**Q** 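Dropping a structure here in structure tokens format, bear with me for questions.
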There are 2 protein chains.
Amino acid sequence: MSTAQETAGGEVEPWEEVTPDAARRLLIAAVEAFAERGYHATTTRDIAGRAGMSPAALYIHYKTKEELLHRISRIGHDRALDILRTAARREGSAAERLADAVSSFVRWHAGRRTTARVVQYELDALGPEARAEIVALRRQVDAEVRGIIEDGVASGEFDVPDVHGTTLAVLSLCIDVARWFTVNGPRTPEEVGALYADLVLRMVGAE
Amino acid sequence: MSTAQETAGGEVEPWEEVTPDAARRLLIAAVEAFAERGYHATTTRDIAGRAGMSPAALYIHYKTKEELLHRISRIGHDRALDILRTAARREGSAAERLADAVSSFVRWHAGRRTTARVVQYELDALGPEARAEIVALRRQVDAEVRGIIEDGVASGEFDVPDVHGTTLAVLSLCIDVARWFTVNGPRTPEEVGALYADLVLRMVGAE
DNA sequence: GCCCACGCTAAGCGAGCGCTCACTTTCGGC
DNA sequence: GCCGAAAGTGAGCGCTCGCTTAGCGTGGGC
């Protein structure tokens, strides 16, 4: 790999931005535990144990258990938004950009399934302020996808009677991958991404 | 309405089968609480309180808190399966049956959103045996949708390269409705059902 | 060689959890 | 009018939760 920040696939190694090392280990342990059992069923003792530390060590790096979830959710949403923005702003037709957005968004939900599960399904465990911050990010996610679809409608590439509803459906399709995808299943993240991109192009009447 | 079991819309009144009355009130309270906060964040005191009873009353009708979730999940999956079977076995073309299945399944996820949330997202809170029973029901749900799509492919109505993957996508679309739908939103369950049925017909190349 | 700031642990606090128990109330059968 | 079964309550048990506190080991600065 070219730098310490990139994998062979070119994807940024996740959680690089979390320092120091002990804080990152705790956060990764929390992602795994939250994804497996859910936020409320996960104990601080479990998180600390997975990170190879005592329960008290958690509180040196994070004020509360909720702050851990907040940090995970914030970073995860930033990454998701980044993926969509990259696809939305590249060169190419609306169909190409939509297919790119869907396939890369799906690849993330499948390949980083533990993170995606926490990001998509544990929002309600956050307090009001943290929740509001994340909801704002979700609106930006929605706007990126809607923007591509509107471009396609304007250029005549797409035939979409209900842009808002179709945007919702496209995001539904992508997000639900985090619910059912498993590494033991018959499909790779790449295969699911390609399939779903094709299905979405059909949904917008681009084929 | 024709009988005590049916609403004006012809839908069977839910939880009719749960008796006695106190057990039903507790179960309905549990559905609301689980849907709002999640199984693990819900206390038995909260459930009993919503039903207007003391915490101890819960244990007269249910052995454990988990038994409540199990009963809810079982009844909910039975109802979901019933909806899909009714659509799959009616008269008509594959396209008509698929549109009927999707629109009624989506209407259920939107209109009975609290139940659907518990049914679709709290599976992991069940113990191994209960979980296995529910997973078997989900396979039947999958089989019903796949059957309609296979019919359409066989008759030449549909153009679907990947039947299993497309089945997964159709169910994803329907199920995710329980995550985002809200009664305060701009759409009625009927509108979302009609929109999603149309999008699914596009996905299978039926238009 | 001393020191102290930092990272961490062992022990444990108060609170709230799922669930139980001893008891009361209600009510149909005779 | 009495009785046993069924349904419900108030009090609280044993436990585990999120989180705190007092103190220990260690390594860089001087």
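Letters A, B, ... are given to chains in the order of the sequence lines, protein chains preceding strands, and every chain is numbered from 1. Just so it is clear, the structure is predicted and the values come from calculations on it, not from any experiment.
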**Q** Which residue pairs satisfy the ring pair (Phe, Tyr, Trp, His ring centres under 6.0 Å) criterion with at least one member in residues 26-50 of chain B, sequence neighbours excluded?
**A** B:Phe34-B:Tyr39

**Q** Which residue pairs pass the ring pair (Phe, Tyr, Trp, His ring centres under 6.0 Å) test when at least one of the two sits in residues 109-135 of chain A, sequence neighbours left out?
**A** A:Phe105-A:His109, A:Tyr121-B:Tyr121

**Q** Working note: A:Arg179 + A:Gln120, criterion side-chain hydrogen bond (donor to acceptor under 3.5 Å, both in side chains); need CA distance, chi angles, decisive distance, verdict.
**A** CA-CA 9 Å; A:Arg179 188 183 54 88; A:Gln120 300 296 359; over 6 Å; no

**Q** How close or far is atom P of D:dA7 from atom CG of B:Leu26, stated in whole angstroms?
**A** 12 Å

**Q** Scan residues 29-61 of chain A against DNA chain D and write down, sorted by residue number, each residue with any heavy atom closer than 4.0 Å; if none is found, say none.
**A** A:Thr42, A:Thr43, A:Thr44, A:Arg45, A:Ala56, A:Tyr59

**Q** Once you round it to whole Å, what is the distance between C1' of D:dG18 and CG of A:Leu68?
**A** 12 Å

**Q** State whether a side-chain donor-acceptor pair under 3.5 Å links B:Glu133 with B:His70.
**A** yes

**Q** How many whole angstroms separate atom OH of B:Tyr62 from atom P of C:dG18?
**A** 16 Å

**Q** Please report the distance, rounded to the nearest Å, between NZ in A:Lys65 and P in D:dT20.
**A** 14 Å

**Q** A side-chain contact here means heavy atoms from C-beta on lying under 4.5 Å apart; do A:Leu168 and B:Tyr196 qualify?
**A** yes

**Q** Using 0.5 Å steps for rounding, measure from the CD1 atom of B:Ile134 to the CG atom of B:Asp78.
**A** 8.0 Å

